[in-house]
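Shown next, in structure tokens, is the structure this report addresses.
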Amino acid sequence: MNDQNPVTADMTAQPLRPAYDLPERLLEDHLTVTACYQCRKCSGGCPLIFAMDLLPDRVIRLALLGQEDLVLKSRTIWVCSSCETCTTRCPNGIDIAAVMDWLKEEAVKRGVAVPQPEVARFHRLFLDSILAGGGRLSETHLLGKFTLFKLGRGFDFKEHLNNAKLGFKLFKRGRMKLLGHKLGGQARAEVEALFKKSGFSL
Amino acid sequence: MKVSYYPGCSLEGTALDYAASIAGVAPLLDLELMELEDWNCCGATAAHSINHQLALDLPARNLDLAQRAGRDVVAPCALCYNRLKVAEKARGGLKDIQVWDLLEFMTQDGRLSPLAEKVVQPLTGLKAVGYYGCLVARPPAMTGKKDYENPQNIEKLLKVLGAAPLDWSFKTDCCGAGLAVARPDIIDTLVNRLFERALAAGAECFVVSCQMCQANLDLTQERISQKFGKDYYLPVFYFTELIGLALGHPEVEKWLDKHLVDPRPLLRRLEIGF
């Protein structure tokens, strides 16, 4: 961690005041960040640290200290690939990957400016593509919508050309279908009801 | 033996080859896969990342279908399997049925020795590393797996098929999975490391059971080669494709033809089937 990093620079700039709301809410969802004794095994085994701004043990420590702003705005929670290595190895049984998920969901709910908008957008479009298929994901629908999102953020000729080439190769091999298998009738209605219950909206 | 089958969305799309090879080899293993009717997407990484409720409810609907069908249910996709297990835990278990990942199901005790008797084309000289990825094993609190750090199913299978499985330390390391589209640069770093470590172990190919792993190792190989100035040639087989190959299934070439890294030059050099 170096001080070029806006998150950690912010951390060193002012004294940290512990708050209890966040760890208590996590505990209600059985996420026991309070059990952490900072062995850092989670960070030691994490394959994604090269892309993170806070190491996983820092996220847990800051969550324990109630530093909502720092953890909710961190890049770490969005580049975590949910490989479950940290959760598997934590000697205190903290479901660290689930803490990352909890924080992502909370960041979305609160409308926090996500430092990884493409990841957050991909997740939302993914869910929207399930809904569009009546309960089954259409990969083509998802990739089409995500490409439009990327185009809206700027045109990278090389990237789009490479994606188009890859798409064509897959299409030629039958691995990319224009029309996915959609569910209808009762099944679709059941899945739509689950989406409604969950409060999902794009 | 009849068993419920939950293929998952990508087996209808980018992992058609996996789906076809599973359908092809199941009868050779005396398995009848009964696809759950009107199954739905498990919600995958997207749901568990931003909507906890959907991440439990979507797989739960599939568990209801499996419960009604009354047979053990098998999932070839590691993430589908994982989400089914999490939903199973959340509801406090299933009644008289069990959720399996396809690899574990096909390589469980008692299934490998009958398989050995059916091998007509041993995969002699095929130097391979088994690459399990993350979610068939982790977290063990959900999957119930015992050898989650160093699984052996693929190695045992490869020995039965006559191949030469190699040991390496990255068999359960992450390929980046669901970040493939949103952050391909992350995939490049992770997968390049897998390529390097596999080559260092002396491998000439990967054997996988997860279609996300397959996609991230196969579809990206040309891009990663260019990015890192390498000339990687490491075909990525599904374990079911190798079962089909060793047991002389007539349609193996159709499955392999869908890969972007064509395995046929390797197989021809080793004089295995082509």
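Just so it is clear: chains get the letters A, B, ... in the order the sequence lines come, proteins before strands, and each one is counted from 1.
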Can B/Asn150 and B/Gln152 be said to form a side chain to side chain donor-acceptor pair (under 3.5 Å), step by step? CA-CA 7 Å; B/Asn150 188 13; B/Gln152 296 293 330; 3.3 Å; yes
I would like to know whether A/Phe149 and A/Phe146 meet ring-ring contact (aromatic ring centres under 6.0 Å, His included); could you show each step before the answer? CA-CA 5 Å; A/Phe149 163 76; A/Phe146 187 75; 5.7 Å; yes
Quick one, A/Asp53 with A/Arg58, criterion salt bridge (charged side-chain N to carboxylate O under 4.0 Å, His left out). Give me CA distance, side-chain angles, the key distance, then yes/no. CA-CA 10 Å; A/Asp53 49 6; A/Arg58 285 290 177 97; over 6 Å; no
The test is side chain to side chain donor-acceptor pair (under 3.5 Å); show your working for B/Tyr232 and B/Asn192 and say whether it passes. CA-CA 9 Å; B/Tyr232 292 124; B/Asn192 183 55; 2.6 Å; yes
Evaluate the criterion side chain to side chain contact (heavy atoms under 4.5 Å, CB included) for residue pair B/Thr172 and B/Tyr131; output intermediate values, then yes/no. CA-CA 7 Å; B/Thr172 58; B/Tyr131 179 55; over 6 Å; no
So A/Glu68 and A/Lys73, salt bridge (charged side-chain N to carboxylate O under 4.0 Å, His left out) or not? Walk me through it. CA-CA 8 Å; A/Glu68 303 186 0; A/Lys73 286 180 185 160; over 6 Å; no
The test is side chain to side chain donor-acceptor pair (under 3.5 Å); show your working for A/Thr87 and A/Asp95 and say whether it passes. CA-CA 5 Å; A/Thr87 293; A/Asp95 190 346; 2.8 Å; yes
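Salt bridge annotation for A/Arg153-A/Glu118: absent, with no cationic side-chain nitrogen under 4.0 angstrom from a carboxylate oxygen. At a threshold of 4.0 Å, the pair A/Glu192-A/Arg188 counts as salt-bridged, since one of the basic side-chain nitrogens sits closer than that to a carboxylate oxygen. In summary, B/Glu88 and B/Lys85 engage in a salt bridge, as defined by a charged side-chain N under 4.0 Å from a carboxylate O. Salt-bridge annotation for A/Arg89 and A/Glu84: absent, with no side-chain N of the basic residue lying under 4.0 Å from a carboxylate O of the acidic one.
At a 4.5 Å heavy-atom cutoff, the contact between B/Ser10 and chain A is made by backbone and side-chain atoms alike. For a residue to count as touching a neighbouring chain, one of its non-hydrogen atoms must lie under 4.5 Å from one of that chain's; by this rule A/Glu106 does not touch chain B. For B/Asp218, the part lying near chain A is the side chain, with the backbone staying farther off; criterion is any non-hydrogen pair under 4.5 Å. Looking at A/Trp78, the atoms closer than 4.5 Å to chain B (heavy atoms on both sides) sit in the backbone and in the side chain alike. Only the backbone of B/Asp257 comes within contact range of chain A, judged by heavy atoms closer than 4.5 Å. For A/Val108, the part sitting under 4.5 Å from any heavy atom of chain B is the side chain, from C-beta outward, and nothing else. Within the 4.5 angstrom heavy-atom criterion, only side-chain atoms of A/Leu183, from C-beta onward, approach chain B. Heavy-atom distances place both the backbone and the side chain of B/Ile186 under 4.5 Å from chain A. For a residue to count as touching a neighbouring chain, one of its non-hydrogen atoms must lie under 4.5 Å from one of that chain's; by this rule B/Leu219 touches chain A with backbone and side chain alike. Looking at B/Arg223, there are no atoms closer than 4.5 Å to chain A (heavy atoms on both sides), in backbone or side chain. There is no contact between A/Leu142 and chain B, counting heavy-atom distances below 4.5 Å. At a 4.5 Å heavy-atom cutoff, the contact between A/Leu166 and chain B is made by side-chain atoms alone.
Between chain A and the options B/Leu135, B/Leu190, B/Asp173, the largest number of non-hydrogen pairs under 4.5 Å is found for B/Leu190. Between chain A and the residues B/Arg193, B/Glu12, B/Gln53, the largest count of heavy-atom pairs under 4.5 Å involves B/Glu12. In terms of heavy-atom pairs under 4.5 angstrom with chain A, the leader among B/Arg183, B/Glu149, B/Arg61 is B/Arg61. For the options A/Gln116, A/Glu159, A/Met100, heavy-atom pairs under 4.5 Å to chain B are most numerous at A/Gln116. In terms of heavy-atom pairs under 4.5 angstrom with chain A, the leader among B/Ala137, B/Ser49, B/Ala47 is B/Ser49. Among B/Asp185, B/Leu79, B/Asp57, the residue with the largest count of heavy-atom pairs under 4.5 Å with chain A is B/Asp57. Options A/His181, A/Met176, A/Gln186 differ in how many heavy-atom pairs under 4.5 Å they form with chain B, and the most are formed by A/His181. The candidate from A/Leu127, A/Asn162, A/Thr140 with the greatest count of non-hydrogen atom pairs under 4.5 Å with chain B is A/Leu127. Comparing A/Trp102, A/Phe50, A/Phe126 by heavy-atom pairs within less than 4.5 Å of chain B, the highest count is held by A/Phe50.
Below 30°, between 30° and 60°, or above 60°: for B/Trp255 and B/His249 the angle between ring planes is between 30° and 60°, a tilted geometry. Aromatic ring orientation, A/Phe200 versus A/Phe195: perpendicular (interplanar angle above 60°, classes split at 30° and 60°).
Using a 4.5 Å heavy-atom threshold, the side chains of B/Asp101 and B/Asn82 count as separate. Between A/Leu16 and A/Leu62, the closest side-chain pair of non-hydrogen atoms falls below 4.5 Å. A heavy-atom distance below 4.5 Å is found between the side chains of A/Lys177 and B/Leu16.
Residue-level contacts of residues 138-146 of chain B with chain A, in order of numbering, are B/Arg138, B/Pro139, B/Pro140; threshold 4.5 Å between heavy atoms.
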